[in-house]
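Worksheet: the structure to be examined is printed underneath.
This is a predicted model, so every value here is computed, not measured.
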Amino acid sequence: MSVLALLTVAFVSALVPVVNLEVYLGGMALLGVSGSWWEVTGFAAVAAVGQLAGKTLFYLAGRGALSLPRRIRVPAASTAESPRRARVAARMSRWQGRLQKRPWLAAGLVGTSASVGLPRSLWSAWRQARCAFRCPSSSSPAWPGAGCGSSPYSPLCRPPPAERFDTVTHAPYERFMASIAGHVDSTQIYVGGRWIPSAGTELIDVVNPYTEQVIAQVPAGAAADVDAAVAAARDALPGWSQTAVSERAVYLSKIADVLVDRTDALAEVVSQEMGSPLRIAKLVQIGTPIGTLKTYAKLAESYEWETEVGNSLIVREPIGVVGAITPWNYPLHQVVAKVAPALLAGCTVVLKPSEIAPLIAYEFAAILDEVGLPPGVFNLVSGTGPVVGEAMAAHPEIDMISFTGSARAGKRITQLAAETIKRVALELGGKSASIVLSDLDDEAFAKAVKATVSQCFTNAGQRCTAFSRLLVPAERYDEALAAAAKTAQGHAAGDPMDEGTKLGPLVSEAQRERVRGFIARAQDNGARLVTGGTDVPPGLDGGYFVAPTVLADVAEDSELAQNEVFGPVIAVLPYVDVDDAVRIANGTSYGLAAGVFGADADAALAVARRLRAGQVDVNGGRWNFMAPFGGYKQSGNGRELGVAGLEEFLETKALQR
């Protein structure tokens, strides 16, 4: 038998899919009969062409027929080419040129696609039918498949291209809603895998804090909505909790991929609803949730879900139905910090986002629907804390409440949850101090002051970890004030959609007036205004802005030094020595975060160890997605992120053998 003939048959057969096994077997039989190289080649070629022609025609006919419903259902407006499709077309053009020069390669590729084409078409048709069955009618004229579990991972039912976000500007309600029409109907709630009307009749306005215009409305919510969402979550719990951890992790990865693809569009939504500058919105408001999702997807591989202790098998199981209540300052990050570990743990979730900035949570719910998360695993009910939040905290079928917000609200939730002995995880306020040690040279000292002020003013100071108290050596007090004022004055306030803006508006008129009140009362009580104040920043005639403010001569026990302002306001306080600095830093009812800057890294770390705070940055330490986040004292209990964040949503069982 000719070796050349054998290699020829193997090569030709390799061009044709493995399922064409008869080509290979027939060629080998022919070799055994005659051993003629030309006969073997001819047989293989004829068999391959026959297979290719028959399966290609079958594939094309089937594909055309099965894709016909898509052409009927999806209007022309949603099939406009996107940048992604343009890139694909360019790649196809390059490949076409290559294949024309290599017909043997073209034959192999066509044969492969023909063999897999029929099952792929049948799969696509099944997905199309499933989508239509789940959502036989839609109120959206622009996207009939909306809310039907479609996604980039579903071949036929997919959302319209990303251009649907391009018109999100500073428009009033009508233009803004037109820009997202057919994507998410914010006047509904998401329960059991479907967008449904709220049991309540009232709507809450969502206001753009820069234009002061209403851009959307969400339901005010009702206790009946919570009942429906909890019932859906309870029904979905058995199936989801028994789903393999690896499969749950895949969902997190898919969600992260969609967030990556839509970063620009989603950042615009956050900027529109709560005023975060676009650059910060992309990097932090969307970037941090992406990192959190990817971290938990990876953690699924290494976490020890079961361990052996003597004759006991220790297993970790989902706690059950989780009620997640989130704030408006980081409206997607706070959602993902709860939902991602809860889903990975096998829990089902009922989410109440802040009614002030709920739109990004609606986008997130739509993404979870698109990636095909099973119905009932995630549910969204909008509304106020006194109505929806309290109904969740008191609900007997919710096993755990995870809450981020004010200490006052956290106390109320704890009281309500106590009636049903459910687990409560609280991430509350903070009054964080940044200690700048005396061993820094002039340049390093100025950099430490700048870093502290910039951290405090990020997100317009609307962050629970803000370093709102700057502690400096008394002998360098004036030096610190000058550096702080210079940094504050460099925070240009303006349109959050402008890439150059560093300081956006506060989220609402009420929040602006609250912050202005803190500044005015501090001055009345003897604090000295270094820069900023209650006046509108120069060049602005609208928006809920507060000028970046630095205050000196603030008493340690004053309202401003003890309470969370949640705005771009920093108090500079002098200390005598390191012991005095630690005493001042620990001298509030909060203990969420802190910072230490020093030339001697070991000495700075020693100071950090003495601070009663859940997270301390030493010399500007980087954010770590695996590090636990949470507070001491009235800053809450429990932890988010990393292994500790996952274990908040797990119960521990010992199986004795």
Side-chain angles (χ1 to χ4, degrees), residues 429-457 461 464-488 522-523 525-531 549-565 569-622 631-635:
K431 192 61 184 176
S432 304
S434 175
I435 301 175
V436 180
L437 300 177
S438 60
D439 62 349
L440 294 170
D441 60 32
D442 291 348
E443 182 180 0
F445 186 86
K447 287 182 178 179
V449 171
K450 179 180 179 179
T452 297
V453 175
S454 297
Q455 191 269 12
C456 178
F457 290 174
C464 51
T465 57
F467 292 163
S468 56
R469 293 181 298 152
L470 172 59
L471 276 54
V472 298
E475 64 272 16
R476 306 183 75 170
Y477 192 57
D478 291 339
E479 180 185 354
L481 291 176
K486 181 179 179 180
T487 302
Q523 289 182 272
N525 292 328
R528 173 163 52 98
L529 183 67
V530 179
T531 188
T549 299
V550 177
L551 291 165
D553 303 335
V554 176
E556 294 176 23
D557 59 352
S558 66
E559 177 193 45
L560 188 75
Q562 291 292 316
N563 295 314
E564 188 174 41
V565 177
V569 180
I570 189 168
V572 185
L573 292 86
Y575 65 81
V576 176
D577 54 25
V578 171
D579 290 341
D580 191 39
V582 171
R583 178 189 62 79
I584 296 171
N586 289 336
T588 75
S589 60
Y590 295 106
L592 186 58
V596 180
F597 293 87
D600 185 332
D602 291 337
L605 185 61
V607 173
R609 291 180 182 275
R610 298 174 62 185
L611 300 179
R612 290 186 54 76
Q615 184 178 81
V616 183
D617 296 343
V618 179
N619 288 326
R622 294 182 296 110
Y632 288 25
K633 300 186 282 186
Q634 292 192 31
S635 285

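- With rounding to the nearest 0.5 angstrom, the CD1 atom of Ile570 is 11.0 Å from the OG1 atom of Thr549.
- At a threshold of 4.0 Å, the pair Arg583-Asp577 does not count as salt-bridged, since none of the basic side-chain nitrogens sits closer than that to a carboxylate oxygen.
- With rounding to the nearest 0.5 angstrom, the OG1 atom of Thr531 is 11.5 Å from the CG atom of Leu481.
- Of the possible polar contacts, one joining the Arg469 side chain to the Ile584 backbone as a donor-acceptor pair under 3.5 Å is found.
- Here Lys447 contributes atom NZ and Ser454 contributes atom OG; the two are 13.0 Å apart, rounded to the nearest 0.5 Å.
- Side-chain contact between Lys431 and Leu592 is absent, with no heavy-atom pair separated by less than 4.5 Å.
- Put simply, CG on Leu440 and CG on Asn619 are 7.5 Å apart, with the number rounded to the nearest 0.5 Å.
- The backbone N or O of Asp439 lies less than 3.5 Å from no partner atom in the side chain of Asp600, so there is not a single donor-acceptor pair.
- You'll find the side chain of Gln455 reaches within 4.5 Å of the side chain of Thr465, heavy atoms only.
- Of the possible donor and acceptor atoms, one in the side chain of Gln562 sits under 3.5 Å from a partner among the backbone N and O of Glu556.
- Counting heavy atoms from C-beta on, the side chains of Ser432 and Gln615 never come closer than 4.5 Å.
- Taking all atoms of both residues into account, the shortest heavy-atom contact from Ala604 to Val618 is CB-CG1, 3.9 Å.
- Of all non-hydrogen atoms in Leu471 and Ala585, the two that sit nearest each other are CD2-N, 3.8 Å.
- Atoms CG and CD1, on Leu611 and Ile435 in that order, are 4.5 Å from each other to the nearest 0.5 Å.
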| query | Checking salt bridge (Lys or Arg N to Asp or Glu O under 4.0 Å) for the pair Asp442/Arg476: CA distance, chi angles, key distance, verdict? | reply | CA-CA 10 Å; Asp442 291 348; Arg476 306 183 75 170; 3.1 Å; yes
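- Shown here for Thr452 and Ser434, the closest heavy-atom pair between the two residues is OG1-OG, 2.8 Å.
- Put simply, the side chain of Val472 does not reach to within 4.5 Å of the side chain of Phe597, judged on heavy atoms.
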| field | Test log, rule side chain to side chain contact (heavy atoms under 4.5 Å, CB included), inputs Val569 and Leu560 | value | CA-CA 9 Å; Val569 180; Leu560 188 75; 4.2 Å; yes
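- Nearest heavy atom pair, residue Ala608 against residue Val616, reads CB-CG1, 3.6 Å.
- Within the 3.5 Å criterion, the main-chain N or O of Gly429 finds a donor-acceptor partner in the side chain of Ser635.
- Under a cut-off of 6.0 angstrom, the local environment of CD in Glu475 is crowded, with over 12 non-hydrogen atoms contributed by other residues, nucleotides or ligands.
- The shortest non-hydrogen separation linking Gln523 to Leu529 is NE2-CB, 3.6 Å.
- When all heavy atoms of Val449 and Ala484 are compared, the closest pair comes out as CG1-N, 3.6 Å.
- With rounding to the nearest 0.5 Å, the separation of CZ in Phe467 from CG in Asp617 is 4.5 Å.
- Here the side chains of Asp579 and Arg610 are in contact, with some heavy-atom distance below 4.5 Å.
- Among Val550, Val572, Asp553, the one residue that satisfies the side chain to side chain contact (heavy atoms under 4.5 Å, CB included) test with Val530 is Val550.
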